[in-house]
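In what follows, a single structure is set out as structure tokens and then discussed.
Keep in mind that the numbers below use all heavy atoms, side chains included, and drop hydrogens, waters and symmetry copies. The first residue in the sequence is number 1, and the count goes up from there.
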Amino acid sequence: MALNTAAAASAASCVSVSNPNFPRSPLFGFSVSRKAGPSLRLRPFRFPQGCTRAISGDNVPHETNDSSLIVCFGEMLIDFVPTVSGLSLAESPAFKKAPGGAPANVAVGISRLGGSSAFIGKVGEDEFGYMLADILKKNNVNNQGMRFDPGARTALAFVTLRNDGEREFMFYRNPSADMLLEESELDLDLIKKASAKIFHYGSISLITEPCKSAHIAAIKAAKDAEVLLSYDPNLRLPLWPSEESAREGILSIWDTADIIKVSEEEISFLTKGEDPYDDAVVRKLFHPNLKLLLVTEGADGCRYYSKEFTGRVQGLKVDAVDTTGAGDAFVAGILSQLSKDLSLLQDEERLREALRFANACGALTVMERGAIPALPSKQTVLDTLLKVVV
């Protein structure tokens, strides 16, 4: 879908309204300003058959007994990606609607790679929210942990693409439904009783309450169930009140994770400007209980750090169109391998092969626009690796 710039601006103005004096519209889940002009048109909103409030995204019970299940916790939203790179948001002629949100990207990426995944999070009780729930279901992601908020909207993010494929974000979440997930709404059975092997999360859900408390409770439940904890901070500074609050928030749960993936930029940020290529600097972030620390370097590949070994795995060189979701694809790649065999963490050669697979996942994702639409299948990754000598 392409979104005309004028229409995007109109939609954005509705989504960003946070004044409680504005009436709620039951038609599309948006708040409607009293100043809305006569050109504003709303059509009656119809909830998809079988969807209900504040329960799972799929009202058909899932029987999940897969011991390799990876549960992803956090945000799911709509990215609006410009159809032309190298322009500002105001200059972009149109935008392509693409589902996104880092934890959801990872969940779909794992499923595309043949793994077993589930998603826990909250979206608005609106067309975008139900669209996202349906996308998870169509991608074979267990969405029974998804919740719908009748009083808040699904988050939106407008993306600016530079000519090299790198991007910047402008978010509309004041507040959005993902920020309002409560501890009482968590489906902890997915973690405790479904034999989950890995619980994956980011840091965005730590920014505000009540989602922060829900996030911490979910981590505790996973830890108590002896599930491996995977953490990708996924720094988005514009969403935090300040740089210091972002640093403190990200590090507040650092020592609980078993596996952490960070980028070069995130290392510089967390260490207050130290050299991210200096192994001694990276080792400062290695806590005593950490099993694996991964540092992604874009097209240059990644570095890995464990208690026993350290090394680098070269990346694949491709023509980047949109880097959105590349890190999530990388995470999906490595977690999909680890969920089948955690002994990779003790075998450097096999770990390097798994990271080579993960690098290919990230590289293939940047060749298309949008995150979830670009995530590769396992066969595509294997075919690509056969053609490349690293």
Side-chain angles (χ1 to χ4, degrees), residues 68 70 79 81 83 85-86 96 98-100 102 105-117 138-141 161-167 198 200 230 232 259 261-264 277 292 294-305 309-345 347-390:
S68 65
I70 302 170
D79 288 327
V81 184
T83 56
S85 300
K96 178 183 177 182
N105 294 343
V106 173
V108 173
I110 289 164
S111 182
R112 293 253 179 100
L113 296 171
S116 175
S117 64
K138 287 179 178 178
N139 280 278
N140 297 313
V141 175
L161 292 180
R162 301 199 312 240
N163 286 325
D164 61 0
E166 286 297 330
R167 75 275 188 233
I198 300 173
H200 176 73
S230 166
D232 177 3
I259 299 171
K261 172 261 174 189
V262 287
S263 67
E264 310 151 277
Y277 300 100
L292 183 65
L294 298 170
V295 181
T296 52
E297 299 180 346
D300 292 329
C302 68
R303 283 173 282 156
Y304 57 90
Y305 300 81
F309 40 72
T310 298
R312 178 190 296 273
V313 178
Q314 185 179 334
L316 279 65
K317 304 296 183 182
V318 297
D319 293 326
V321 174
D322 177 8
T323 60
T324 306
D328 304 326
F330 173 89
V331 171
I334 187 60
L335 293 186
S336 69
Q337 301 297 300
L338 286 172
S339 67
K340 296 179 177 65
D341 187 1
L342 290 178
S343 69
L344 289 175
L345 294 170
D347 187 328
E348 185 173 9
E349 286 307 310
R350 291 168 59 222
L351 176 63
R352 289 180 62 85
E353 283 302 309
L355 290 172
R356 186 168 173 257
F357 180 89
N359 281 343
C361 292
L364 289 167
T365 300
V366 307
M367 297 174 70
E368 296 183 34
R369 294 181 189 272
I372 286 178
L375 294 169
S377 68
K378 182 178 181 179
Q379 193 57 54
T380 300
V381 177
L382 294 176
D383 290 345
T384 299
L385 288 173
L386 286 174
K387 299 173 186 176
V388 179
V389 177
V390 179

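S68 contributes atom OG, which lies 10.0 Å from atom CG of L342 (distance to the nearest 0.5 angstrom). Between the OG atom in S111 and the CG atom in N139 there is a gap of 6.0 Å [rounded to 0.5 Å]. Atoms CZ and CD, on R112 and Q379 in that order, are 15.0 Å from each other to the nearest 0.5 Å. Remark: C302 SG to R352 CZ distance equals 8.5 Å, nearest 0.5 Å. Here the straight-line distance linking atom OG1 of T324 with atom CD1 of I372 works out to 12.0 Å at 0.5 Å rounding.
In terms of modelled atom types and a separation under 3.5 Å, the side chain of D328 and the main chain of A371 share no donor-acceptor contact. No donor-acceptor pair closer than 3.5 Å links the side chain of S230 to the backbone N or O of H200. Side-chain atoms of T323 do not come within 3.5 Å of backbone N or O of A326 as any donor-acceptor pair.
Proximity of L351 to I334: side-chain heavy atoms (C-beta onward) are separated by under 4.5 Å at one or more points. Counting heavy atoms from C-beta on, the side chains of S116 and I110 never come closer than 4.5 Å. I259 places none of its side-chain heavy atoms less than 4.5 Å from the side chain of I198. Using a 4.5 Å heavy-atom cutoff, the side chains of T310 and R303 are not in contact. Put simply, the side chain of F330 reaches to within 4.5 Å of the side chain of N359, judged on heavy atoms. Side-chain contact between L316 and T384 is present, with heavy atoms from C-beta onward closer than 4.5 Å. Contact annotation: the side chain of R312 never approaches that of L355 to less than 4.5 Å [non-hydrogen atoms, C-beta and beyond].
Looking at every heavy atom in both residues, Y305 comes nearest to V295 through CE1-CG2, 3.9 Å. Between E368 and P373, the closest heavy-atom pair is OE1-O, 3.7 Å. Of all the heavy atoms in L385 and A360, the pair that sits closest is CD2-CB, 3.8 Å. Shortest non-hydrogen contact noted between N105 and G100 is OD1-CA, 3.3 Å. Taking each heavy atom of V366 and A363 in turn, the nearest pair found is CG2-O, 3.1 Å. Of all heavy-atom pairs between C361 and G333, the closest is SG-CA, 3.9 Å.
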Which is it for E297 and Y277 under the side chain to side chain donor-acceptor pair (under 3.5 Å) test, yes or no, and what are the steps along the way?
CA-CA 10 Å; E297 299 180 346; Y277 300 100; 5.6 Å; no
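The pair R369-D322 does not meet the salt-bridge criterion, since no charged nitrogen lies less than 4.0 angstrom from a carboxylate oxygen.
Annotation: side chain to side chain contact (heavy atoms under 4.5 Å, CB included) contacts of K317 (sequence neighbours excluded): A299, D300.
Listed by first and then second residue, the side-chain hydrogen bond (donor to acceptor under 3.5 Å, both in side chains) pairs involving residues 330-342 are D341-S343, D341-R350 (not counting sequence neighbours).
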